[in-house]
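By convention in this document, chain letters (A, B, ...) are assigned in the order of the sequence lines, proteins followed by strands, and residues within each chain are numbered from 1. Quick caveat: nothing in here was measured; it's all calculated off a predicted structure.
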There are 2 protein chains.
Amino acid sequence: MSILKYDEGMSLRIALLGLLTTSGPSSGYDLAKRFESSINHAWQARHSQIYPELNKMAADGLVTVEEEGPRGRKTYTIAAEGRRELREWLLEGTPSRSIRSEGALRAFLLPTLEPHEAAARLRAEAEVYTARLAELEALKAAKASWKRPGFGEHALELGIRQTRVVRDWAEETAAEIERAAGDPPGGE
Amino acid sequence: MSILKYDEGMSLRIALLGLLTTSGPSSGYDLAKRFESSINHAWQARHSQIYPELNKMAADGLVTVEEEGPRGRKTYTIAAEGRRELREWLLEGTPSRSIRSEGALRAFLLPTLEPHEAAARLRAEAEVYTARLAELEALKAAKASWKRPGFGEHALELGIRQTRVVRDWAEETAAEIERAAGDPPGGE
DNA sequence: TGGTGACGTGTCAGTTTTTACATGTCAATT
DNA sequence: AATTGACATGTAAAAACTGACACGTCACCA
């Protein structure tokens with residue numbers, strides 16, 4: 001009751017509480033969409049995970065629900081207890097270094113291929129990241145829909161920088177592999 | 001049998017095959033340790049997940065096992081079929097953008113705190129990342145134990161850059177929040 | 001009127017991952 | 001001789017997560 005375990009596995013709850021804070025009262029549907037856009041580079045969840053969790057959170061008093069409209073929409077609002085829990089997680093929680101990124105895994109293993117294959121694949125990856133970067137930059141330019149003015153920009157900026165770092169690494173590593181293999185690229 | 005689904009959930013297998021490629025024949029115990037060190041910023045797995053998976057992989061012919069020593073140690077070696085599978089995943093697999101990072105989630109949500117709390121917390125995070133950076137740099141300097149000479153450096157370099165980018169972002173964001181709040185830090 | 005697509009919530013089976021339990025060897029120290 | 005800590009492997013229950021199924025509304029267009 002008093003000893004709280006913010007060990008692991010709170011992440012979905014926390015993410016939901018965070019989105020409810022930054023975007024104001026939302027439906028599960030809204031939150032699911034937001035997982036696909038704003039918070040996508042940090043955490044993900046499908047609606048099949050979100051809906052049950054929201055119900056549990058309501059039962060635990062972290063959020064309040066309001067049934068609304070003819071489509072059965074439910075609007076969730078963060079409650080005082082939810083705010084407290086989010087705050088406590090941010091202040092007391094031990095920063096876990098847990099990361100799972102299939103992209104990083106791929107990058108990690110690409111150099112196990114033959115040099116020219118590896119380089120080609122790395123360049124392809126770099127292109128993907130360049131495209132993603134463009135998306136994020138566009139989002140930054142649009143920077144709409146943040147309840148607290150100026151809030152989401154910091155997060156977006158981190159996403160941009162992280163994407164750029166992988167892109168640049170992929171390009172440079174491709175070049176280095178080609179150089180080491182004495183197998184320079186065609187045109188340049 | 002012939003139609004392979006490299007959709008999702010192959011990651012553990014792939015990571016294991018990758019480690020077996022870069023580090024040579026290893027025991028489950030070795031691989032578990034390697035998950036904690038080299039590949040940690042891309043994927044993680046506990047021994048309780050690794051041991052059963054290795055057994056399945058052996059049953060599927062991706063690796064060969066050799067019982068060894070009095071402590072019941074089993075040494076796994078990647079087989080031709082395993083090499084093929086890893087290669088195919090790297091060449092054909094669709095790059096998924098799925099990322100789960102509790103650290104990124106925290107960074108994302110920190111600005112929901114009061115400005116001075118957020119800034120303080122961001123600076124604390126930055127310190128953690130600085131320490132982690134030092135670890136990685138030390139590892140880079142030591143750069144031992146890579147079977148294929150020069151292999152792991154690329155991956156390590158990516159880890160270093162990613163860590164640095166978060167560290168710098170945290171520091172800059174802290175400064176910006178303080179500035180915006182008209183609440184400059186003590187000394188400077 | 002019928003179709004499509006966004007809105008909106010939910011469940012369930014199966015897979016992946018964590019936490020805890022369980023067992024035993026070997027080398028070095030006390 | 002006993003303890004400690006690294007070595008070494010496993011299992012089982014529970015939690016987290018995915019993918020598919022399922023149902024129903026509303027607005028717009030043909």
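At a cut-off of 3.5 Å, with distance as the only test, a side-chain donor of Asn55(B) or Tyr76(B) sits close to an acceptor on the other residue. Side-chain polar atoms of Thr75(A) and Glu66(A) form no donor-acceptor pair below 3.5 angstrom. Side-chain contact check for Arg167(B) and Thr130(B): at least one donor-acceptor pair (N or O, by modelled atom type) lies under 3.5 Å. At a cut-off of 3.5 Å, with distance as the only test, no side-chain donor of Glu102(B) or Ser98(A) sits close to an acceptor on the other residue.
Within the 4.0 Å cut-off from OP1 or OP2 of dG19(D), at least one side-chain nitrogen or oxygen of Arg46(A) is found. The side chain of Tyr51(A) contributes an N or O atom lying less than 4.0 Å from OP1 or OP2 of dT9(C). At the phosphate of dG10(D), OP1 or OP2 sits under 4.0 Å from a side-chain N or O atom of Lys74(B). Here Gln49(A) reaches the OP1 or OP2 of dT18(D): one of its side-chain N or O atoms lies under 4.0 Å away.
Nearest to the side-chain atoms of Pro52(B) among the listed nucleotides dT9(C), dT17(C), dT11(D) stands dT11(D). Closest to the Trp43(A) side chain, of the nucleotides dC17(D), dG10(D), dT9(C), is dC17(D).
Atom CD of Glu36(B) and atom P of dA6(D) are 12 Å apart (whole Å). One atom, CZ of Phe35(A), and another, P of dC17(D), lie 9 Å apart when rounded to the nearest Å. For Gln44(A) and dA16(D), the CD to P distance is 17 Å, given to the nearest whole Å. Protein atom CZ of Arg73(A) is 14 Å distant from nucleotide atom C1' of dC26(D), rounded to whole Å. Between the CG atom of Asn55(A) and the C1' atom of dT9(C) there is a distance of 9 Å, rounded to whole Å. In this structure, NZ of Lys33(A) is placed 11 Å from P of dT9(C), rounded to the nearest angstrom. Glu66(A) has its CD atom 13 Å from the P atom of dT9(C), to the nearest Å. At whole-Å resolution of the value, CG in Leu105(A) and P in dT16(C) are 15 Å apart.
Arg100(B) comes within contact range of the sugar-phosphate backbone alone, with a heavy-atom separation under 4.0 Å but no base atom that close. Across all strands shown, Arg71(A) has heavy atoms under 4.0 Å from base atoms, whether or not it also approaches the sugar-phosphate.
Between the side chain of His47(A) and the base of dG8(C), no donor-acceptor pair under 3.5 Å is found. For Ser48(B) against dG10(D), a side-chain-to-base donor-acceptor contact under 3.5 Å is absent.
Ion pairing of Glu137(A) with Arg164(A) is present here, as a side-chain N (NZ or NE/NH1/NH2) and a carboxylate O approach within less than 4.0 Å.
Mapped onto DNA chain D by nearest heavy atom, Pro70(A) and Glu53(A) fall at different nucleotides, with Glu53(A) at the one closer to the 5' end.
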